[in-house]
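Predicted, not measured: the structure shown is a model, and the values here were computed from it.
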Amino acid sequence: MVTEGDADATGDIPDDLTAAEAGMWQSFRNGSVYDLSSGDPVVDDPHGGHPWGEERTVRARIVAWLLLDGPPALAGRVSSLKLAGVRISGSLDLAGGTVVPYVEMRRCRFEEDVLLPEARFATLRMVDCAVPRLEAARLHTEGDLHLPRCRFHHGVRLTDAHIGTDLLLNQAIVHHDRTGRSIAADGMTVGQDLQAELLESHGEVSLRSAKIGVSLSLRGARLANPYTRLALNAPQLTVERSLYLTPAGVGRQALSGTTPARGTRIQRFECRGGVRLDDGRFGDAVDLERARFVLTDDQELSLVRVQTPELRFLGERPARGKVVLSGARVINLVDRASAWPGPGRLHMGGFAYENLVPQGPFPLAARLDWVAAATAEYAPEPYERLATVLREGGEDEDAREVLLAKQRRRRETLPPAAKLVGYAQDWTVAYGYRPGRAAVWMAVLWAASTLAFANAPHPAVNPAGHPPWNPALFSLDLLLPVIDLGQVGQWRLTGGWQWLATALILLGWILATTVAAGATRLLRRG
């Protein structure tokens, strides 16, 4: 009888192994693939209902024995565990262990949970496997962790895990655990890329305080969480390059991590549930090209205090819910008019951007509607930010229009008397942003009053000495409140003519004060 310790030393096959386990033992020693597939795609589908018998079954305890304390490799070979089409019975428990051999499992079926908390691997690949649950908190890998096309029926836990290079979850299907989370990866660190393209998640994907060394790709992913408010919960996420919530190509011709070629069938990113990216840091961009967010009235796409050189807000307009950009800071805002939600569903208090790069038509009127939608109550900052960006881009006229819109919005918050003054300033010189209007009004009033006073009776105050009657100078003397042309005090008007003169004096003062206020505003802005 060969004991487990003897087997470790000699490499002999223990007597109590089944035929399937003995074959796996030998394959481990020579580093070859141990494939128990039948060749029938229907039967070999690990996610299907076709039963796999004892001839395809190995015990999880034997797998753990090989990985943690397995026999030596054959001469000239490197021991590794490469399984294909194998059913693993029992719970594979490697908690706290150090696994030196290379591990790759393809199209395998696990009957119970895989437990890897605080385990250490060089590289671990599980491809197209059926797993009830992967418990891998504080897992440490020197190389990759690959889980593409796997199906996890009760979630994945990677809290505080450290992945040395890449984490792959492409085309994986993950259902929620008893807490409502599908992927719990708070505090996880990934050395290079996290690719979860075409991921299908049924529950909350939690990446709080996670750090990604290169890029995070959720191209073509479909996230849905009807159980809690958030489908993607990733505050304080750090991504050194870009976050992609964009379309992915579907089919063999599509290349992972690239923009789908023309003619390729695509699947866009879709999220049914709230998204929280608050306080995130992204080194290159946050790309929402063609992204679709299906929110309820109390859910949000929240990018509060996000910092990134470029925000590509090019998704589909959410029909419900809110978009929150309060305190976010970006350099380039790449957007289109059809992507933004309507009034009351956009919040941009303290949102700072330096350049606007619209994709498609985005006229100034639509941009003003965009600002208005973000300010249910009057707030000057969004208008001033937009005006500053337009002015720095050489669009001075548009910048003045934005500031004029700000004054008109402010006017609606004023008491009646101040509101009337505001209307007067708007009609005359547009709050100083169109000073040429004052000259037009002055010319019109001067011409009209000159014609009127040409027919007015005008007895002299001092018959003995007075200048000649000049209706043009008399009208101008009434309209100019500061300058005395020596006409008004020389003539006596009565009846309606006196009321007309009084009206001209009042209009003159209104024009003068409005021009002065506008000039002050222009000087202050300059």
Please determine whether side chain to side chain contact (heavy atoms under 4.5 Å, CB included) holds for the pair Q195 and D166, giving the CA-CA distance in whole Å, both sets of side-chain angles, and the decisive distance to 0.1 Å. CA-CA 8 Å; Q195 291 190 12; D166 295 333; over 6 Å; no
Greater than 12 external heavy atoms within 6.0 Å of R336's CZ: yes
Closest approach of D177 and H154, non-hydrogen atoms and distance? CB-O, 3.4 Å
Check: V205 and V174 side chains under 4.5 Å, non-hydrogen atoms: no
Can you list everything that forms a salt bridge (charged side-chain N to carboxylate O under 4.0 Å, His left out) with R151? Sequence neighbours excluded, please. none
Under a 4.5 Å cut-off applied to non-hydrogen side-chain atoms, are T246 and F269 in contact? no
Check: H176 ring centroid to H202 ring centroid under 6.0 Å: no
Applying ring pair (Phe, Tyr, Trp, His ring centres under 6.0 Å) to W340 and not counting sequence neighbours gives F313, W370
Take E111 and S89 through the test side-chain hydrogen bond (donor to acceptor under 3.5 Å, both in side chains) and record every step on the way to the result. CA-CA 5 Å; E111 296 301 314; S89 64; over 6 Å; no
Determine, step by step, whether E300 and R276 satisfy the salt bridge (Lys or Arg N to Asp or Glu O under 4.0 Å) criterion, reporting the C-alpha distance in whole Å, the side-chain angles of both residues, the deciding distance to 0.1 Å, and the verdict. CA-CA 7 Å; E300 299 177 348; R276 186 182 177 206; over 6 Å; no
Please name the pair of heavy atoms, one in L17 and one in W25, separated by the smallest distance, quoted to 0.1 Å. CD1-CE3, 3.7 Å
Using modelled atom types only, decide if a donor and an acceptor are shared between the side chain of T141 and the backbone of G143 within a distance under 3.5 Å. yes
Applying salt bridge (Lys or Arg N to Asp or Glu O under 4.0 Å), which residue pairs with at least one partner in residues 229-247 are found, sequence neighbours left out? R241-D284
Side chain proximity check, L94 to V99, heavy atoms < 4.5 angstrom: yes
Give me each pair satisfying side chain to side chain donor-acceptor pair (under 3.5 Å) with a member in residues 127-138, each pair once, sequence neighbours excluded. H47-D128, E118-R138, R133-E135, E135-R157
What closest approach, in Å, do A161 and A136 show between heavy atoms, and which atom pair accounts for it? CB-O, 4.1 Å
Atom CG in N30, atom CZ in R77: separation rounded to 0.5 Å? 5.0 Å
Write down the atom of V214, the atom of V239, and the distance for their closest heavy-atom approach. O-CG1, 3.3 Å
So, S217 and E197: side-chain donor and acceptor under 3.5 Å apart, yes or no? yes
Would you confirm whether T308, through its side chain, and L311, through its main-chain N or O, come within 3.5 Å as a donor-acceptor pair? no
Side chain to side chain contact (heavy atoms under 4.5 Å, CB included) between V402 and D398, intermediate numbers included: CA-CA 6 Å; V402 172; D398 285 351; 5.5 Å; no
CD1 of I173 to OG of S182, rounded to nearest 0.5 Å, is 12.0 Å
Heavy-atom donor-acceptor pair, D369 side chain to A372 backbone, under 3.5 Å: no
May I have the step-by-step check of salt bridge (Lys or Arg N to Asp or Glu O under 4.0 Å) for R208 and D278, ending in yes or no? CA-CA 10 Å; R208 294 182 296 180; D278 300 352; over 6 Å; no
Carefully, step by step, assess L198 and N170 under the rule side chain to side chain contact (heavy atoms under 4.5 Å, CB included). CA-CA 6 Å; L198 301 171; N170 295 339; over 6 Å; no
If you measure only the distance, is there a donor-acceptor pair under 3.5 Å linking the side chains of D298 and T296? yes
Could you measure the distance from the CG atom of L124 to the CG atom of L81? Nearest 0.5 Å is fine. 10.0 Å
Taking atom NE2 of H153 and atom CG of L134, what is their separation to the nearest 0.5 Å? 13.0 Å
Residue pairs fulfilling ring pair (Phe, Tyr, Trp, His ring centres under 6.0 Å) with at least one residue in residues 110-149, sequence neighbours excluded: H140-H162
Is there a side-chain contact between T375 and K406 (heavy atoms, below 4.5 Å)? no
Atom pair CG/CG of L169 and L167 - distance to nearest 0.5 Å: 4.5 Å
Looking at V389, is its backbone amide N or carbonyl O close enough to the side chain of E392 to form a donor-acceptor pair, meaning the two atoms are under 3.5 Å apart? no
Do S326 and F351 have side chains that approach each other closer than 4.5 Å (heavy atoms only, starting at C-beta)? no
Is the backbone N or O of Y102 less than 3.5 Å from a side-chain atom of T123, with the two atoms forming a donor-acceptor pair by type? no
Could you list all the side chain to side chain donor-acceptor pair (under 3.5 Å) pairs where at least one residue sits in residues 350-367, not counting sequence neighbours? N332-N355, D335-R367
Determine whether a donor-acceptor pair (N or O, by modelled atom type, separation under 3.5 Å) exists between the side chain of R305 and the backbone of D279. no
Take atom CZ in R290; do more than 12 heavy atoms of anything else shown fall under 6.0 Å from it? no
So does R181 pair up with E204, basic N to acidic O under 4.0 Å? yes
L207 and A185 have their tightest heavy-atom pair at CD2-CB, 3.6 Å
Do E381 and Y383 pair up side chain to side chain, a donor and an acceptor below 3.5 Å, judged on atom types alone? no
Would you check if there is a donor-acceptor pair between the side chains of S206 and D186 at a distance under 3.5 Å? yes
For L116 and L139, the nearest pair of non-hydrogen atoms, with its separation, is O-CD1, 4.0 Å
Flag, side chain of R56 to backbone of L36, donor-acceptor distance under 3.5 Å: yes
Can you tell me how far apart CG (L194) and CG (L145) are? Round to the nearest 0.5 Å. 9.5 Å
Would a 4.5 Å heavy-atom cut-off, applied to side chains only, mark I88 and V114 as touching? no
N/O donor-acceptor pair under 3.5 Å between D287 side chain and E289 backbone: yes
State plainly whether the residues R268 and E270 are in salt-bridge range, i.e. N to O under 4.0 Å. no
Between D113 and S91: side-chain donor-acceptor atoms closer than 3.5 Å: no
Test side chain to side chain contact (heavy atoms under 4.5 Å, CB included) applied to V63 and M24, step by step: CA-CA 9 Å; V63 174; M24 176 177 67; 4.0 Å; yes
Could you tell me whether a side-chain N or O of R272 sits under 3.5 Å from a main-chain N or O of L223, the two making a donor and an acceptor? no
For Y244 and S215, indicate whether the former's side chain and the latter's backbone hold a donor-acceptor pair under 3.5 Å. no
Report yes if the side chains of Q267 and R219 come closer than 4.5 Å at any heavy-atom pair, otherwise no. no
Would you check if there is a donor-acceptor pair between the side chains of D35 and S37 at a distance under 3.5 Å? yes
